[in-house]
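Report on the following structure.
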2 protein chains.
Amino acid sequence: MLDDRSRQVLFAVIQCYIDSPGPVGSRVVTKRFSFGLSPATIRNIMSDLEEMGFLRQPHTSAGRVPTDLGYRYYVDAIKEDRQTVNRDLILELGRQLEMMRRDINSFLDEAARMLSSLSHYIGITMSPNTSTATLSRVELIRYRGNRLAVILFTDEGLIQNKIISVDPDISASNLRRVAEYINEEFAGLTLDEIRQRVIDEMTRERVLCDRLISEAMKICSGIFYAAPGNLYISGISEMLSLPDFCDIRRIKELLKTMEDRHLIVKLLDKLSISSGTQVFIGSENPLDEMKGFSLVASTYKEGNRPIGAIGIIGPTRMNYLQAISIVDMTANYITEILSYR
Amino acid sequence: MLDDRSRQVLFAVIQCYIDSPGPVGSRVVTKRFSFGLSPATIRNIMSDLEEMGFLRQPHTSAGRVPTDLGYRYYVDAIKEDRQTVNRDLILELGRQLEMMRRDINSFLDEAARMLSSLSHYIGITMSPNTSTATLSRVELIRYRGNRLAVILFTDEGLIQNKIISVDPDISASNLRRVAEYINEEFAGLTLDEIRQRVIDEMTRERVLCDRLISEAMKICSGIFYAAPGNLYISGISEMLSLPDFCDIRRIKELLKTMEDRHLIVKLLDKLSISSGTQVFIGSENPLDEMKGFSLVASTYKEGNRPIGAIGIIGPTRMNYLQAISIVDMTANYITEILSYR
DNA sequence: TTTTAGCACTCTCCATTGTAGAGTGCTAAT
DNA sequence: ATTAGCACTCTACAATGGAGAGTGCTAAAA
């Protein structure tokens with residue numbers, strides 16, 4: 001589809017554009033890369049590339065700029081040789097993450113900060129999705145009369161606590177039996193499945209009318225709602241240092257999207273389904289509000305099941321090679337560290 | 001210190017400046033407010049006010065702009081008649097907050113969003129400071145062999161869970177005795193006090209060498225570290241719509257400060273000590289990085305003790321009257337709602 | 001046939017200029 | 001003590017024009 005020389009020119013243009021924004025002209029390309037061709041020839045090739053949709057001229061007689069399609073071609077092509085990336089980066093990454101094993105939340109917070117400081121783009125991490133976590137055990141602890149603290153243990157090692165109010169007359173032994181019932185009935189199921197089961201049971205239970213079970217169901221319905229994953233975002237201010245953001249409207253647009261955490265959670269949730277590192281370039285971006293930016297995302301896993309997502313958001317003019325490496329490595333590290341816990 | 005007429009002119013200038021930025025001239029003042037004075041007279045008064053440090057000229061032959069000192073005078077003066085504020089605001093506020101009683105975290109998140117949407121500035125809320133919470137009870141729950149889930153109940157109704165690893169050989173009965181020991185020894189103390197006690201005990205305990213107590217202390221030292229308060233920030237993008245932020249450097253400065261959550265937590269922590277609504281204007285701001293912005297902050301309480309802080313951050317040219325009302329009301333609502341739980 | 005040199009043309013960027021508008025300070029008159 | 005009038009100052013904005021960079025095309029060279 002693209003002969004060798006054209007590809008080289010395309011990559012050269014992309015390389016130049018990544019290093020500094022602003023249209024790149026034919027003379028610049030001949031200077032930085034020694035193809036042994038004159039600017040005029042390069043111009044012809046670039047003209048061809050434009051016709052094919054890989055490059056674009058912001059206006060007549062300006063240099064060329066890669067299109068989303070151009071980037072896509074580039075990203076697909078470099079996916080193989082990504083391991084050639086900077087070793088220092090990998091070391092730095094490992095060193096920083098090692099320090100934060102203790103607590104998953106501050107760990108993910110730190111991971112987001114790291115993603116951004118390494119890439120100079122925005123780093124995002126999300127805590128494990130609770131709705132697909134599998135229940136390991138429930139503890140019910142009474143306090144302050146009518147309050148009940150519910151502690152959920154999951155196989156993923158994720159603990160959640162929720163507080164609900166209960167009938168103050170319920171006896172301690174009944175409470176214990178409720179806990180036992182829940183554990184027997186639901187252990188091993190995902191929270192999503194449990195929620196579904198509870199709904200099913202509740203319609204049926206109205207007929208059976210067992211005091212204990214109905215009490216248990218009442219408690220369950222207050223517990224097993226899906227808590228949205230915590231989101232850690234870092235590096236917004238750093239990214240604004242890039243020359244890409246000289247326009248205030250662009251900044252506002254970006255910040256508005258970043259503030260709507262709900263939106264991002266939903267996006268990452270969707271990505272969590274498939275595994276492996278994914279790249280969305282500009283208009284390919286699943287979020288309408290984020291067309292104009294690129295997203296490099298990956299997932300971390302428990303065993304073989306993806307349980308959370310991380311990513312980097314940057315301008316379309318992104319150093320994809322580096323970003324992909326960073327996201328990839330970080331995801332692997334998180335997976336690994338979770339498995340040690 | 002300031003005669004009545006001068007004060008009126010000062011307030012008029014501030015009012016104009018709040019409504020739209022840009023130096024305000026003498027003619028504008030005479031037009032909006034009917035003092036029955038000519039622009040020339042106003043000019044003379046403004047000139048006096050400038051000499052006294054309440055106003056400032058960005059450059060010769062521009063209008064005047066209030067200084068931090070001018071705002072300070074204004075804020076001190078209006079503190080009394082703050083209840084005259086918009087009733088609709090208060091209603092809207094109550095309605096939104098009512099919906100979020102369930103969970104303190106999403107509640108505070110929502111509160112931050114509300115602060116910002118009502119004021120059009122940045123809204124900030126912080127979850128209760130854990131280090132001054134008083135311990136009510138501890139539960140230790142073993143899981144996955146060498147893991148221990150520690151559940152801290154506090155008088156404030158705040159539950160925290162932490163996971164630590166322990167010697168897998170420790171028996172269940174010993175674990176129970178450790179929990180009992182901690183509860184007897186430490187219930188009623190603040191987490192800060194407990195941490196101090198633990199440190200004291202540990203140096204002494206080396207001599208005594210009681211297996212059980214030393215085990216308890218080891219666990220305690222892993223539990224009672226101060227977890228920084230969760231911070232909820234909202235409305236950054238909304239604030240950027242203000243004409244004050246036409247300059248990119250200013251935006252970057254602001255975002256950088258906002259991203260350093262640690263810094264803000266420390267600031268609000270400090271404010272939590274004293275109660276009542278506080279106003280910091282521009283250079284008065286305790287944070288060097290935030291001189292140039294104003295902060296209106298208040299605390300919410302458990303009983304009479306302040307346990308957390310909320311606030312609004314905006315440009316020095318802020319609608320202080322409104323901001324103070326909003327912060328004040330919100331703090332009171334939070335206090336009230338916490339007391340019902 | 002492919003590559004290159006040359007040249008006219010186009011577009012952006014930047015500094016300069018000029019003008020309108022807003023506002024002040026001062027002085028003299030009320 | 002207040003006000004009208006006037007000269008002066010500063011900003012914002014639009015218009016202008018040249019420098020620089022880059023292209024497209026054509027004709028010559030390899």
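Every chain is numbered from 1, with letters handed out A, B, ... down the list of sequences.
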*In terms of the nearest nucleotide of DNA chain D, which residue is placed more toward the 5' end: B:I42 or A:R64?*
B:I42

_Ion pair A:E110/A:R113, N-O distance below 4.0 Å_ = yes

_Atom pair distance, as rounded to whole Å: CD in A:E51 and P in D:dG24_ = 11 Å

*For the side chain of A:A40, counting heavy atoms from C-beta on, which of D:dG22, C:dC26, C:dT4 is nearest?*
C:dT4

*asked:* Pairing donors with acceptors under 3.5 angstrom, does anything connect the side chains of A:S237 and B:E259?
replied: yes

_So, does A:R5 get its side chain near the phosphate of C:dT3, meaning an N or O under 4.0 Å from OP1 or OP2?_
yes

*Please state how far atom CG in B:D48 lies from atom C1' in D:dT2, giving the value in whole angstrom units.*
14 Å

*May I ask you to say what A:G36 touches in the nucleic acid, namely base, sugar-phosphate or nothing, with a heavy-atom cut-off under 4.0 Å?*
sugar-phosphate

*State which of D:dT23, D:dT11, C:dT24 makes the closest approach to the side chain of B:S61.*
C:dT24

_Which nucleotide in C:dC11, D:dC10, C:dT4 has an atom nearest any side-chain atom of A:L37_ = C:dT4

*For C:dT10, does either OP1 or OP2 sit under 4.0 Å from a side-chain N or O belonging to A:T60?*
no

*asked:* Expressed as a whole number of angstroms, how long is the span from A:E50:CD to D:dG24:C1'?
replied: 12 Å

*With a non-hydrogen cut-off below 4.0 angstrom, is A:V28 in contact with a base, only sugar-phosphate, or nothing?*
sugar-phosphate

_Taking the nucleotide of DNA chain D with the nearest heavy atom to each, does A:S47 or B:S38 sit closer to the 5' end?_
B:S38

*OP1 or OP2 of C:dT4 sitting under 4.0 Å from any side-chain N/O of A:T41?*
yes

*Between A:D76 and A:R72, is there a salt bridge with N-O shorter than 4.0 Å?*
yes

*Atom-pair distance (CG on A:D3; C1' on C:dT2), nearest Å*: 13 Å

*asked:* Just the rounded figure in Å: distance from P of C:dA5 to CG of A:N44.
replied: 13 Å

*asked:* Using OP1 and OP2 only, check whether a side-chain N or O of A:S26 sits under 4.0 Å from D:dT23.
replied: yes

*Between C:dT24, D:dT23, C:dT4, which one does the side chain of B:M46 approach most closely?*
C:dT24

*Let me know the distance between NE2 of B:H59 and C1' of C:dG21, rounded to the nearest Å.*
12 Å

*Would you call B:D19-B:R32 a salt bridge at under 4.0 Å N-O?*
yes

_Whole-Å gap separating P (C:dT27) and CZ (B:R43)_ = 14 Å

*asked:* Rounded to whole Å, how long is the line connecting atom CZ of B:R27 with atom P of D:dC6?
replied: 16 Å

_Distance-only side-chain donor-acceptor flag, B:S294 / B:Y320, under 3.5 Å_ = yes

